[in-house]
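For reference, the structure is listed below as structure tokens.
What you are looking at is a predicted structure, and each value in this text was computed from that prediction instead of being measured.
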Amino acid sequence: MSISGPVAPSTSPASTTVTALRAAGERGDADAVAELLAPDVVFHSPFTARLRFEGKEEVAALHRDIFAVLEDIDTTEPLALGDTRSFTFRGRVRGVELEAMVLVRCNEQGQIVDYKLFVRPLPGLATLFATLPPRVSVRRRGRLRGTLMAALARPLAFALRTADRMAPRFL
């Protein structure tokens, strides 16, 4: 079966939301992201399954932190299946390139209720890990815990970046 002509863009509430989310991400506009979130939204950490950010205010605050460390965000066209949308983006953190996939599920009103982020390659993920969690920790738990998080994250990030450079020599 062949499809003739371009596929018409969807005008569903979820599609409208993801279009707005992509635009807000490219502008680094956390307030615009907040407008797209359901009150009970859940953001799943890209670093650990043990951490979720819950509620519109907390996820909006997390986006302020994200946009403070990411630069040059450029998104791709989304994929859609039912109430779920996905798109990828490229950006940089501390000059290191990264690529990520965003997976969101929307309610009937088009508000984001579930939000997941997957990041690659390893140097980008490692640099993001060394940068973002300490910042979030300072905001949520105070400077002392943020300093402790940085002390834990930086050596691990260094080890992951080093492993990425060395792996092609051993595989």
Checklist entry - Please walk me through it: do Arg90 and Asp74 pass salt bridge (charged side-chain N to carboxylate O under 4.0 Å, His left out)? => result CA-CA 5 Å; Arg90 291 182 178 272; Asp74 184 36; over 6 Å; no
For Ala32 and Arg27, the nearest pair of non-hydrogen atoms, with its separation, is CB-NH2, 3.5 Å
Rounded to the nearest 0.5 Å, the CZ atom of Phe89 sits from the CG atom of Leu21 at a distance of 9.5 Å
Worksheet entry | Joint hydrophobic cluster, Leu160 plus Leu117, side-chain heavy atoms closer than 4.5 Å | yes
Apply side chain to side chain donor-acceptor pair (under 3.5 Å) to Arg85 and Ser15, showing your working. CA-CA 7 Å; Arg85 300 291 183 274; Ser15 292; 3.1 Å; yes
Q. Distance-only, no hydrogens or angles: does the Thr127 side chain make a donor-acceptor pair with backbone N or O of Val93 under 3.5 Å?
A. no
request  = Give the intermediate values and the outcome of side chain to side chain contact (heavy atoms under 4.5 Å, CB included) for residues Val119 and Phe129.
outcome  = CA-CA 10 Å; Val119 181; Phe129 182 69; over 6 Å; no
d(Ile66 CD1, Thr131 OG1) to nearest 0.5 Å is 12.5 Å
One should read off an interatomic distance between Thr147 OG1 and Arg141 CZ, to the nearest 0.5 angstrom, of 15.0 Å
Q | Under-4.0 Å salt bridge between Lys56 and Asp40 | A | no
Would you indicate whether Glu57, at its atom CD, is surrounded by more than 12 heavy atoms from other residues, nucleotides or ligands within a distance under 6.0 Å?
no
Is a salt bridge present between Glu97 and Arg92, judged by a nitrogen-to-oxygen distance below 4.0 Å?
no
| request: Start with the C-alpha gap between Asn107 and Asp83, add the side-chain angles, then the distance that decides, and say whether side chain to side chain contact (heavy atoms under 4.5 Å, CB included) holds. | output: CA-CA 7 Å; Asn107 61 20; Asp83 62 355; over 6 Å; no
Q: Given side chain to side chain donor-acceptor pair (under 3.5 Å), test Thr19 with Thr16 step by step and report yes or no.
A: CA-CA 5 Å; Thr19 298; Thr16 302; over 6 Å; no
Using the rule that Ile, Leu, Val, Met, Phe, Trp and Tyr join whenever any side-chain heavy atoms are under 4.5 Å apart, tell me whether Leu79 and Val18 fall into a single cluster. no
*Validation row: Arg64, Asp31 side chains within 4.5 angstrom (heavy atoms)*: yes
inquiry  = Please say yes or no: joined through hydrophobic side-chain contacts below 4.5 Å, possibly via intermediate residues, are Val69 and Leu156 part of one cluster?
reply    = yes
Output, in order, the C-alpha distance, side-chain angles, deciding distance and verdict of side chain to side chain donor-acceptor pair (under 3.5 Å) for Arg22 and Thr17. CA-CA 9 Å; Arg22 289 175 53 223; Thr17 295; over 6 Å; no
Interatomic distance, CD@Glu99 vs CE@Met101, rounded to 0.5 Å, equals 10.5 Å
Quiz item: Just wondering, more than 12 heavy atoms not from Arg140 lying within 6.0 Å of its CZ?
Solution: yes
Quiz prompt | Joint cluster assignment, Val42 & Leu132, ILVMFWY side-chain distance < 4.5 Å | solution = no
Between the CG atom in Leu103 and the CZ atom in Phe118, the distance rounded to the nearest 0.5 Å is 5.5 Å
Contact between Arg50 and Ser45 at the side-chain level, heavy atoms closer than 4.5 Å - yes or no? no
Closest non-hydrogen atoms of Ala126 and Ala157, given as atom of the first, atom of the second and distance, are O-CB, 3.1 Å
Ala30 and Ala60 have their tightest heavy-atom pair at CB-O, 3.9 Å
*Looking at side-chain heavy atoms only, is the closest gap between Met149 and Arg145 below 4.5 Å?*
no
| Would a hydrophobic clustering, with Ile, Leu, Val, Met, Phe, Trp and Tyr connected at side-chain separations under 4.5 Å, put Val59 with Val138? | no
Check your understanding: Can you list the steps and then say if Ile112 with Val41 is a side chain to side chain contact (heavy atoms under 4.5 Å, CB included)?
Key -> CA-CA 6 Å; Ile112 298 170; Val41 63; 4.1 Å; yes
- prompt: With ring centroids as reference points, do Phe53 and His63 lie under 6.0 angstrom apart?
  reply: no
What's the verdict on salt bridge (charged side-chain N to carboxylate O under 4.0 Å, His left out) for Glu58 and Arg139, showing C-alpha distance, side-chain angles and the deciding distance?
CA-CA 11 Å; Glu58 182 60 27; Arg139 176 179 53 80; 3.3 Å; yes
Give the intermediate values and the outcome of side chain to side chain contact (heavy atoms under 4.5 Å, CB included) for residues Thr88 and Thr75.
-> CA-CA 6 Å; Thr88 63; Thr75 66; over 6 Å; no
Output for pair (Leu125 CG, Phe47 CZ), nearest 0.5 Å, gives 6.0 Å
